[in-house]
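A quick write-up on the structure given underneath.
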Amino acid sequence: MADIRPFCAIRPREGLEQEIAALPYDVYNRKEALEETRKSPLSFLRIDRAETQFSSDVDTYDDRVYQKARELLEEMIESGQFVEEGEPCYYIYELTMDGRTQTGIAACASVDDYEKEVIKKHENTRAEKEKDRIRHVDVCSAQTGPIFLAYRGREAISRQVEEEKRKKPLYDFVSSDHIRHRVWKVADRERLHSIQEEFQKIEAVYIADGHHRCASAVKVGLKRRQAHPDFTGTEQFNYFLSVLFPDDQLMIMDYNRVVRDLNGHTPEEFLDLVAQRFQVRKLGKKAQHPAGKGQITMYLEGEWYELTYTVKGLIDDPVGQLDVSILQRELLTPILNIEDPKTDERIDFVGGIRGLFELERRVQEDCQVAFAMYPTSIAELFAVSDAGLLMPPKSTWFEPKLRSGLLIHRIEE
């Protein structure tokens with residue numbers, strides 16, 4: 001059963017939420033982060049990416065950067081720009097993009113549930129990517145970016161969420177990328193107890209996005225347990241900030257691929273090799289998304305092609321039947337000699353939010369071929385996680401992104 005608890009949030013003073021809320025820290029490179037913080041001086045990105053407060057000769061991972069993040073957070077709390085709840089609460093967090101709404105519950109999930117695989121992952125993490133967020137959480141003594149979790153929807157939770165949404169929201173604003181954000185505070189003790197009980201009936205929760213943030217938060221929690229061998233399990237370092245969404249409200253976008261060369265083949269030779277493994281149909285110059293599972297559309301030499309693959313025989317292999325796996329196994333490895341997409345510099349990944357135009361632009365500028373994927377489904381993500389398996393890298397792209405700085409979870413020293 002899942003241990004999903006209310007918490008005492010640190011959050012923006014009402015009226016400052018739009019200025020403070022920021023996209024996740026890893027959306028930006030250093031130059032972009034600096035530009036964003038100059039444009040929006042209250043942006044939480046100042047804290048998530050505190051190197052923006054130093055000259056470029058200070059390393060991103062310098063000890064002073066993490067100390068600065070802590071100082072900025074404490075200054076904003078002391079000045080009243082952030083307020084701190086006196087009692088544990090849940091928060092309803094609704095995001096609306098292009099007319100489609102998804103609503104989650106902001107809460108704290110359990111380090112023990114992560115360790116026991118009640119909270120399931122679908123991708124590996126890399127230690128070097130964890131180090132930065134481990135230091136950030138540890139020095140700030142706070143988790144500033146929520147983990148995006150998913151669960152199989154329960155009517156009892158959805159009903160209570162909808163009832164809370166009839167009340168006046170705590171926050172209601174539209175961010176610069178045209179996403180509407182609404183947040184409600186749930187403080188009624190009976191409601192809190194009811195929601196927590198319903199989550200305890202859920203057998204598994206799934207990491208949708210934020211594997212590295214999650215692993216980092218857990219490792220800080222475990223580190224603090226070692227420093228406090230008499231811990232009881234109720235301390236805040238035993239929990240990490242999350243927003244949990246029911247599966248029927250989530251949409252996964254395509255995560256597409258571009259490749260810099262054809263592995264020495266001419267376009268004609270390459271097409272012949274592809275035709276030996278896929279049914280190939282020429283589509284013309286108009287960009288097209290794949291129509292369904294088992295299809296990939298490919299852009300080559302100014303033309304779009306439809307590649308169709310029969311997934312028969314793969315039904316018992318939740319990873320092997322993924323379209324991204326089929327592309328890797330049947331084309332990228334045998335034809336283009338891309339063995340490991342995580343390390344091969346000849347391949348790059350383009351999130352579906354950028355559209356097919358971005359694939360055409362990349363082929364015109366620095367690549368030779370692009371592949372548009374049919375999106376991985378949330379059911380496929382659950383199936384892979386339930387089997388204890390891992391997806392290929394860059395299999396899922398979730399939109400819209402949760403904002404950092406709207407809700408912060410403080411952990412004890």
Between [X] and [Y]: side-chain donor-acceptor atoms closer than 3.5 Å:
X: Tyr66; Y: Asp138; answer: no
X: Arg354; Y: Asn256; answer: no
X: Tyr305; Y: Arg281; answer: no
X: Tyr206; Y: Asp386; answer: yes
X: Gln328; Y: Thr333; answer: yes

What are the two closest non-hydrogen atoms of [X] and [Y], and how far apart are they?
X: Gln196; Y: Ile4; answer: CG-O, 3.6 Å
X: Asp344; Y: Glu339; answer: OD2-N, 4.5 Å
X: Ser404; Y: Gly145; answer: OG-CA, 3.8 Å
X: Glu360; Y: Ala287; answer: OE2-CB, 3.7 Å
X: Ala215; Y: Glu130; answer: CB-OE2, 3.7 Å

### Message
Checking Tyr239 against Asp3 for the side-chain hydrogen bond (donor to acceptor under 3.5 Å, both in side chains) test, could you report, in this order, the C-alpha distance in whole Å, the side-chain angles of both residues, the deciding distance, and whether it holds?
### Response
CA-CA 9 Å; Tyr239 298 89; Asp3 184 4; 3.2 Å; yes
Backbone N or O of [Y] within a donor-acceptor pair of the [X] side chain at under 3.5 Å?
X: Glu235; Y: Thr232; answer: yes
X: His211; Y: His122; answer: yes
X: Arg46; Y: Pro41; answer: yes
X: Gln143; Y: Leu241; answer: yes
X: Arg260; Y: Glu345; answer: yes
X: Arg213; Y: Ile147; answer: no
X: Ser242; Y: Phe240; answer: yes
X: Ser175; Y: Ile179; answer: yes
X: Arg329; Y: Gly320; answer: yes
X: Ser43; Y: Leu45; answer: yes

Is the shortest distance from a Lys or Arg side-chain nitrogen in [X] or [Y] to a carboxylate oxygen in the other one below 4.0 Å?
X: Arg49; Y: Glu36; value: no
X: Lys401; Y: Asp26; value: no
X: Glu35; Y: Lys39; value: no
X: Glu74; Y: Arg410; value: yes
X: Glu162; Y: Arg159; value: no
X: Glu164; Y: Lys185; value: no

Take atom [atom1] of [X] as the centre, draw a 6.0 Å sphere, and report whether it contains more than 12 heavy atoms from other residues, nucleotides or ligands.
X: Lys120; atom1: NZ; answer: yes
X: Arg100; atom1: CZ; answer: yes
X: Glu203; atom1: CD; answer: no
X: Tyr61; atom1: OH; answer: no
X: Asp340; atom1: CG; answer: yes
X: Lys165; atom1: NZ; answer: yes

### Task
In sequence, state the C-alpha distance, the side-chain angles, and the governing distance for Arg70 and Leu73, and then conclude on side chain to side chain contact (heavy atoms under 4.5 Å, CB included).
CA-CA 5 Å; Arg70 181 188 176 97; Leu73 177 59; 5.8 Å; no
### Task
Could you walk me through whether Lys167 and Asp188 pass the salt bridge (Lys or Arg N to Asp or Glu O under 4.0 Å) test, one step at a time?
CA-CA 13 Å; Lys167 302 173 183 178; Asp188 177 76; over 6 Å; no
Any non-hydrogen side-chain atom of [X] less than 4.5 Å from a side-chain atom of [Y]?
X: Trp397; Y: Asp254; result: no
X: Glu198; Y: Ile195; result: no
X: Ile347; Y: Arg257; result: yes
X: Asn263; Y: Arg346; result: yes
X: Phe349; Y: Pro341; result: yes
X: Ile157; Y: Ile105; result: yes
X: Gln102; Y: Glu94; result: no
X: Trp184; Y: Asp172; result: no

Is the ring centre of [X] less than 6.0 Å from the ring centre of [Y]?
X: Phe398; Y: Tyr255; result: no
X: Phe245; Y: Phe148; result: yes
X: His228; Y: Phe237; result: yes
X: Phe199; Y: Tyr151; result: yes

### Query
To the nearest 0.5 Å, how far apart are CG in Asp247 and CZ in Arg152?
7.0 Å
### Message
Nearest 0.5 angstrom please: Leu332 CG to Leu327 CG, how far?
### Response
4.0 Å
### Message
For Thr396 and Leu381: C-alpha separation, side-chain torsions, deciding distance, then whether side chain to side chain contact (heavy atoms under 4.5 Å, CB included) applies.
### Response
CA-CA 9 Å; Thr396 57; Leu381 185 153; 4.3 Å; yes
### Task
Verify salt bridge (Lys or Arg N to Asp or Glu O under 4.0 Å) between Asp112 and Arg225, making sure each step is shown before the conclusion.
CA-CA 12 Å; Asp112 285 327; Arg225 286 181 173 186; 3.0 Å; yes
### Task
Step by step, work out the side chain to side chain contact (heavy atoms under 4.5 Å, CB included) result for Ser385 and Lys121.
CA-CA 6 Å; Ser385 299; Lys121 61 184 181 179; over 6 Å; no
### Contacts of Arg11 that satisfy side-chain hydrogen bond (donor to acceptor under 3.5 Å, both in side chains) - sequence neighbours left out
Glu85, Tyr171
### Task
Show the numbers, then the answer: is there a side chain to side chain contact (heavy atoms under 4.5 Å, CB included) between Leu283 and Glu303?
CA-CA 7 Å; Leu283 299 174; Glu303 300 279 353; over 6 Å; no
### Message
Check the orientation of His181 and Phe173. Use parallel for under 30°, tilted for 30 to 60°, and perpendicular for over 60°.
### Response
parallel
### Message
salt bridge (Lys or Arg N to Asp or Glu O under 4.0 Å), that's the test. Do Arg362 and Glu365 meet it? Break it down for me.
### Response
CA-CA 5 Å; Arg362 290 294 302 271; Glu365 290 190 2; over 6 Å; no
